[in-house]
Amino acid sequence: MPDTHALVNEFVLMLKRRKVEGSQATAKQTAELLRSVISQQRVPHTNQAGALIDAINSVGEKLIAANPVELAVGNVVRRVLHIIREEDLSLATTAIGNVGLSAGSDDEDNVEQDDYPRLSAAAVAAASRSTLRAPSLHTLLEGIPDPAAAHRTSSSGGDSEGKSKSADKSLRTRKLKHDVIEAVNELIQDIDTCHELIAEQAVEHIHHNEVILTLGRSRTVMEFLCAAKEKKRSFRVFVAEGAPRYQGHILAKELVARGLQTTVITDSAVFAMISRVNMVIVGAHAIMANGGVIAPVGLNMVALAAQRHAVPFVVVAGSHKLCPLYPHNPEVLLNDLRSPSELLDFGEFSDCMDFGSGNGSPLLHVVNPAFDYVPPKLVTLFITDTGGHNPSYMYRLIADYYSADDFVVQRKSSAEQ
Amino acid sequence: METRRTTSRMVIDPKIRQVGFFTSNEYQIPANRTHSFPVESNSPPISNISPSNNSLSPVMIPPPRHVSDNITFKFPMSPLRRLSSGDNVLHGSYNPSELFLSSGAGLSSESNKVGDGRKGKGGGKVASSLPSGGFEMGAVKSSNLTTVSVMKMPPGVSEKAGGGLIEVRNEHTQSSKPLKEKTSKAERRALQEAQRAAKVASRAEGSKTGVVSGGAALGNPKPAKSVKLPLPKKDGSQVAASVAASEKKGSDRPAEKDRKKDVPHPRLQFDDKNRVEKAKKRAVVKQTEARNRVELFRHLPQYEQGTQLPDLEAKYFQLDPVHPSVHKVGIRYLVGDISGGNARCIAMLHAFKDAIRDYSTPSEKVLTRDLTAKISSYISFLNECRPLAISMGNTIKFLKSRIGRLPLTMSESEAKATLYSDIDCFINEKIITADKVIVEHAVTKISDGDVLLTYGSSAVVEMLLLYAHKLGKQFCVVVVDSRPKLEGQALLRRLLANGLDCTYTHINAISYIMHEVTRVFLGASSVLSNGTVYSRVGTASVAMVANAFSVPVLICCETYKFHERVQLDSICCNELGDPDAISNVPGREDIKHLNNWTSNENLQILNLLYDATPSDYVSMIISDHGMLPPTSVPVIVREYRREQLWL
């Protein structure tokens with residue numbers, strides 16, 4: 001796959017240079033890149049899924065290393081891995097199901113599964129998912145094979161590659177790759193349309209004469225507000241400008257263009273204004289498994305102010321921002337420090353900022369972090385494309401999208417290689 | 001007080017009345033140039049004294065906040081006065097007033113008329129007599145009452161003449177209350193406006209008020225009063241009441257009176273169209289209302305930046321009522337040249353010093369009264385340039401009380417010298433020394449290895465940091481800044497120049513940096529008596545985040561900035577800055593999304609200048625009276641006010 005190498009390297013460079021702005025764009029580009037990696041990947045006859053997973057893992061490791069702070073990359077990589085696993089599993093089960101149907105229950109593994117020969121791929125995938133996690137009410141209600149069966153599938157799922165060997169190879173050679181690419185296409189589409197899905201819920205959350213506060217600019221928030229506006233809700237929006245990027249100005253301009261009553265305030269005035277605000281709606285950079293939010297800088301302050309005045313703090317985010325990791329010291333480890341030039345004029349303070357010279361001049365540090373960590377207790381509600389959720393529910397929602405094997409992309413790939 | 005005034009008027013020459021800011025102590029009372037007698041609770045002494053001059057008894061007119069104030073005052077009724085009141089009746093000022101009443105014009109119109117009437121008749125005294133400073137409310141009320149009492153006094157007086165003064169008094173005090181309640185706030189305000197206008201006019205006309213001989217004065221003032229009667233229904237009883245109240249004058253005033261006075265007078269609310277219109281007419285500074293106002297802040301003034309300046313500059317060389325130094329300071333306020341509570345306050349005081357130096361009492365005027373009026377006009381000018389800080393309000397109160405307390409016997413040069421030293425003393429003691437004391441206190445809270453965070457640029461905090469550095473303490477400073485003023489950069493520059501280790505960041509990153517911080521030192525524009533800290537916008541956020549991270553928040557604030565007002569949020573009372581400062585980001589040419597924001601009426605830009613930090617975020621307030629919890633602020637306010645008055 002020489003040609004994908006070039007693509008991957010190019011994207012890695014872009015990530016390293018922080019040329020890709022916004023987690024949605026990043027997610028989409030990552031997914032597209034991975035799709036091309038998959039399609040270019042030559043698949044051996046045996047252990048197809050293993051080969052694909054290996055390939056994705058190695059690429060994913062590079063991408064994640066390129067910008068470890070942009071969690072969307074890792075999220076998409078994990079989701080693609082998850083897709084591969086599920087597709088593989090569903091193929092395996094259907095194949096086994098076929099075998100079971102035709103040859104009777106010669107395989108002990110499939111004894112129970114005979115009763116569900118025509119299970120959809122999704123259902124099977126769900127079953128397999130349940131094997132990777134604790135059993136969920138969801139799977140129970142769907143009438144998936146009882147625990148024993150699930151357990152067996154799990155054992156078989158654990159070494160699904162090995163099992164696939166024994167299954168009908170010719171049938172599945174092309175099918176797996178094709179299915180995976182289909183599924184990745186769906187993922188890309190999901191990423192594209194998550195705004196609309198989120199915006200559809202706007203009317204349920206915004207009422208007439210509401211006063212809404214937001215900080216900085218998030219496309220999701222913009223569409224959310226505009227959707228409510230289109231539904232003839234009239235409300236006013238306070239936009240904190242979001243120093244030092246001042247994207248609030250852009251948001252204000254966009255909102256005004258759509259006819260919304262908009263007031264731009266400074267970030268420092270958030271506390272003063274929040275007592276007159278009914279709801280805070282903000283975008284996020286990433287949502288962690290514990291319900292914490294990695295958000296544009298300044299939002300922790302806003303969240304604290306909202307909590308003080310009992311104003312609901314609502315985070316809108318597409319599902320590609322759900323990250324299966326639990327944060328540890330996120331303020332430092334999941335943060336980017338941006339250029340001081342955004343805050344200070346280099347010319348004036350350059351003599352003080354020279355760390356290397358050691359000429360006795362006092363040291364000046366300029367701290368310009370890009371992100372804030374908002375702990376889950378400050379968040380009232382998450383609105384994702386699958387609906388509204390409590391912070392405490394996020395871990396469960398996340399489990400739907402990722403398989404536990406993939407939580408650590410790097411280590412696994414290195415171990416396998 | 002109103003009653004008192006009325007009585008005095010009726011009885012005595014209007015000139016005699018002492019005008020101005022009333023402080024609870026008796027010193028102020030001696031209004032007469034010629035005689036300064038402290039008015040005692042006992043009416044007899046005064047009456048005794050005053051008779052000598054027939055009609056010249058010093059009457060103190062304190063601006064009462066409340067109706068009930070009246071009750072507390074006793075007006076010394078001397079037989080002579082009664083007589084004079086009788087005179088009033090004779091003059092027949094009565095009728096005209098009634099005419100007015102019958103005409104029943106709307107409130108505002110009434111008030112206008114009143115003003116006019118005064119002007120015309122040189123009743124300027126009345127107007128001028130109003131405490132010219134910030135105490136208009138009381139004054140207004142008083143005027144109403146006065147008029148009333150004037151009208152009806154005669155009968156009541158005559159009845160009383162028998163000598164049952166005391167009884168009458170009691171009855172009337174009771175009755176007086178309802179009367180006052182009748183005047184709605186709006187009415188009073190309107191009146192007050194009118195009076196102010198009248199005051200200005202009267203000042204111009206000037207001299208009549210001054211040293212008119214008793215007889216002449218009697219003649220003149222009465223008509224004016226009669227004109228005033230704005231309130232149609234006042235029964236004899238009420239009148240009597242007012243009289244009675246006035247009788248009580250000197251005696252038991254202090255305690256209750258003080259308390260009443262504590263209630264801060266309402267500020268001009270800029271969503272009140274009528275009043276704003278009137279205010280505009282008086283304004284020296286012509287300003288254009290900004291467009292795209294934020295609905296929530298209609299009650300605050302906001303003008304288009306730059307529209308006032310050329311006009312003001314042009315006026316600099318004109319001979320107008322504003323002293324050049326004051327004018328200069330005003331312009332510098334406007335431009336933002338002087339900012340920071342202490343700097344503004346000191347600049348103002350220096351300007352007033354200049355003004356006092358160049359001041360000479362016009363003939364036929366009393367220095368205390370005329371100077372107070374002058375200062376008030378300066379203050380309203382400065383207020384137009386930029387709304388005065390709360391701390392400046394305290395300063396002005398101080399200055400006015402000082403002027404008001406000058407003995408009438410004092411020569412002009414002496415008086416000026418006294419005021420001079422008073423002002424210098426205030427600057428030294430309340431600002432400069434206070435800062436030093438605060439620094440001494442606060443430096444004990446800095447220990448080696450501390451990481452101190454400060455927000456914006458506070459003069460005291462800067463002094464503190466430099467001092468601690470001089471003492472050789474090892475610490476580093478986090479300077480947090482915010483748009484649009486970026487005052488922190490200036491502070492940063494000065495700290496770096498003095499060799500301190502600094503970290504600079506913006507307010508959004510506050511939760512990032514707060515992990516490392518061990519103490520937060522903040523300045524304040526004012527500390528209100530519910531413990532709320534009124535300060536540069538963003539202070540509340542910093543304090544909140546510090547509180548969330550369990551970092552102690554220490555507020556450094558001089559005691560003269562303590563104020564008895566209370567405030568719950570940052571919206572009711574605030575100041576609006578120039579919105580364009582927000583739409584333009586200096587040094588970032590790429591950000592120009594809001595360049596012509598005024599073109600779209602849906603878009604507003606709000607540039608708040610202050611916010612109110614709830615007291616529970618504040619660990620400690622370090623003032624020149626020591627280190628105290630926010631709950632102790634009202635105590636200090638109380639003690640401090642007393643001290644200031646007696647100073």
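All chains are named by letter (A, B, ...) in the order of the sequence lines, taking the proteins before the strands, and each is independently numbered beginning at 1. Every heavy atom of this structure was used, including side-chain atoms; hydrogens, water molecules and symmetry mates were not.
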- Query: For B:Ile605, is it the side chain, the backbone, both, or neither that has a heavy atom closer than 4.5 Å to a heavy atom of chain A?
  - Reply: both
- Task: Compare every heavy atom of A:Ser268 with every heavy atom of B:Ser541, then report the nearest pair and how far apart it is.
- Result: OG-O, 3.8 Å
- So, B:Asn508 side chain and A:Ala243 main chain: donor-acceptor pair closer than 3.5 Å or not? yes
- Query: Do A:Thr262 side-chain atoms and B:Leu603 backbone N/O form a donor-acceptor pair below 3.5 Å?
  - Reply: no
- What are the two closest non-hydrogen atoms of A:Asp372 and B:Tyr512, and how far apart are they? OD1-N, 4.4 Å
- Note on the structure: Applying a strict 4.5 Å limit to non-hydrogen atoms, the region of A:Thr266 in contact with chain B is both
- Message: Are there over 12 heavy-atom neighbours, none belonging to B:Leu568, within less than 6.0 Å of that residue's CG?
- Response: no
- Which bit of B:Ile513 is near chain A, if near means a heavy-atom gap under 4.5 Å: side chain, backbone, both or neither? side chain
- Message: Can you tell me which of B:Asn607, B:Leu492, B:Asp611 forms the most heavy-atom pairs within a distance under 4.5 Å of chain A?
- Response: B:Leu492
- Query: Of all of B:Leu608, B:Ile582, B:Val545, which one pairs up most often with chain A through heavy atoms under 4.5 Å apart?
  - Reply: B:Ile582
- Is it the backbone or the side chain of B:Arg493 that comes under 4.5 Å from a heavy atom of chain A, or both, or neither? both
- Measure B:Leu486 against the heavy atoms of chain A and call it side chain, backbone, both or neither at under 4.5 Å. neither
- Item | Which portion of B:Ala612 sits near chain A, non-hydrogen atoms under 4.5 angstrom | backbone
- Engaged part of B:Ile510 at the chain A interface, taking heavy atoms whose separation is under 4.5 Å: side chain
- Where does B:Val585 contact chain A at under 4.5 Å (heavy atoms): side chain, backbone, both or neither? side chain
- Query: Side chain, backbone, both or neither: which part of B:Asn595 has a non-hydrogen atom closer than 4.5 Å to chain A?
  - Reply: neither
- Message: Has B:Gln604 got a side-chain atom pairing as donor or acceptor with A:Gln261's backbone, closer than 3.5 angstrom?
- Response: no
- Note on the structure: In terms of heavy-atom contacts, B:His506 and A:Asn368 come closest through NE2-OD1, 3.4 Å
- Query: Given a strict heavy-atom distance threshold of 4.5 Å, which part of B:Thr539 is in contact with chain A: side chain, backbone, both, or neither?
  - Reply: neither
